[in-house]
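The structure under discussion appears below in the form of structure tokens.
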2 protein chains.
Amino acid sequence: MGSKQQLTERIGNLLRESKLSVTDTRTKILELFMKSNGALEHSDFEKLTGSSFDRVTVYRTLQTFLDKGIIHKIPTTDTSVRYALCKSECTEHDHHDHHVHFKCEECGNTVCLEETNVPAIHLPKGYAAHNVEVVVSGVCKSCK
Amino acid sequence: MGSKQQLTERIGNLLRESKLSVTDTRTKILELFMKSNGALEHSDFEKLTGSSFDRVTVYRTLQTFLDKGIIHKIPTTDTSVRYALCKSECTEHDHHDHHVHFKCEECGNTVCLEETNVPAIHLPKGYAAHNVEVVVSGVCKSCK
DNA sequence: ACAAATATGCAACAATGTTGCATATTTGTG
DNA sequence: CACAAATATGCAACATTGTTGCATATTTGT
């Protein structure tokens, strides 16, 4: 079990690696991502932090993390935008998710299934694929 | 080639089958769907109709069509919500899309690839899948 | 410890989505 | 065809979500 101190150190390193300065907001938001192990949307940050940060700062922080390849977006069928931590294979300039996203209809949580690969899709003639997003909805392990 | 009159008649029948009254708004919006052959988002309706309908009416109309299984939503990674016409296999109570959605990075259009089947996804133990959404992004036929 | 670079918070705004209610349209019936 | 009941629409007012400019605060490298 990593202590709180170790987590904070890990986050600091991650930020420095991405050439970002280490600030309270960024540390706290990354902490939330690492603890949640699922996808978060903007409103979660206001709830989870007790709105200790300005809305604008949260938007800008998420955008920065996206730009640096620290987090990625997950497709949804509503107006919310969900974000999840990227694994090591994502970098600033080469940014793919090679895993499947699962949204539980019971608890509403969305998680990344790192072990589940996205299958190859055979497209009709004339279409060129760059990226494939798969979102499975159903009932998750914990809600079963 | 179906004439305008035939299209209007077809739309009227579709609405009556769903036990909805036939109104100008609904007819016009379905007409747009049938002509576009792709996914539309809310702002498209205001553009395409020259904002002849109230925003609220458009929102309510889309919700009604969703409820009746006439249209379905397509996942996106932004705040927009995209809708597309359902094919005949969708009904009010059994509502799946068994096809792949393709979003072109050039023209921004999203289309349903009816011929392309969604592959089976092998989930980790404990997860039950109800629905699988696949969105491929890349370059479409016309933009190639 | 300092200056330069960067991040934050506030205010003001823009865009998007929702609700209640009065008015208008559509539908089924005679 | 005319009428009443059911349904849909449009307006106003509001709630939520996301954006921009700019002054202040924090972080970083020296």
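Values below: all heavy atoms of this structure, side chains included; hydrogens, waters and symmetry mates excluded. Just so it is clear: chains get the letters A, B, ... in the order the sequence lines come, proteins before strands, and each one is counted from 1.
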| said: Restricting to ring pair (Phe, Tyr, Trp, His ring centres under 6.0 Å), what partner residues turn up for Phe65(B), sequence neighbours left out? | reply: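 Residues passing ring pair (Phe, Tyr, Trp, His ring centres under 6.0 Å) with Phe65(B): none at all.
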| task | Sequence neighbours left out, what passes side-chain hydrogen bond (donor to acceptor under 3.5 Å, both in side chains) with Lys35(A)? Give chain and number order. | result |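 Glu31(A).
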| With sequence neighbours excluded, residues passing side-chain hydrogen bond (donor to acceptor under 3.5 Å, both in side chains) with Glu106(A) |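 side-chain hydrogen bond (donor to acceptor under 3.5 Å, both in side chains) check on Glu106(A) returns nothing, list empty.
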Applying a 4.0 Å non-hydrogen cut-off, can you work out what [X] is touching in the nucleic acid: base, sugar-phosphate, or nothing?
| X | value |
| --- | --- |
| Thr64(A) | nothing |
| Thr79(A) | sugar-phosphate |
| Ser43(A) | nothing |
| Arg26(A) | sugar-phosphate |

| task | Name all residues meeting the salt bridge (charged side-chain N to carboxylate O under 4.0 Å, His left out) criterion together with Glu41(B); count only those two or more places apart in sequence or in a different chain, and write none if there are none. | result |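 Counting only residues at least two positions away or on another chain, Glu41(B) forms a salt bridge (charged side-chain N to carboxylate O under 4.0 Å, His left out) with Arg82(B).
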| task | Give a yes or no on this: more than 12 heavy atoms of other residues, nucleotides or ligands lie within 6.0 Å of atom CG of Asp54(B). | result |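 Yes - once you tally the heavy atoms of other residues, nucleotides and ligands closer than 6.0 Å, there are more than 12.
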| query | Roughly how many Å is it from CD in Glu41(B) to P in dT16(C), rounded to a whole number? | reply |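 After rounding, the gap between these two atoms is 8 Å.
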| query | Between dT16(C) atom P and Arg60(B) atom CZ, what is the distance in whole Å? | reply |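 To the nearest whole Å, that distance equals 19 Å.
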| request: Stems involving DNA chain C: give each as a range paired with a range, ordered by first number, where a stem means at least three consecutive Watson-Crick or G-U wobble pairs under 3.5 Å. | output: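 When the pairs of DNA chain C are grouped into runs of at least three, the stems are C:1-30 with D:1-30.
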| said: Distance under 4.0 Å to a non-hydrogen atom of chain A counts as contact; along DNA chain D, which nucleotides mark the start and end? | reply: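 Nucleotide range with atoms under 4.0 Å of chain A: dT17(D) to dT28(D).
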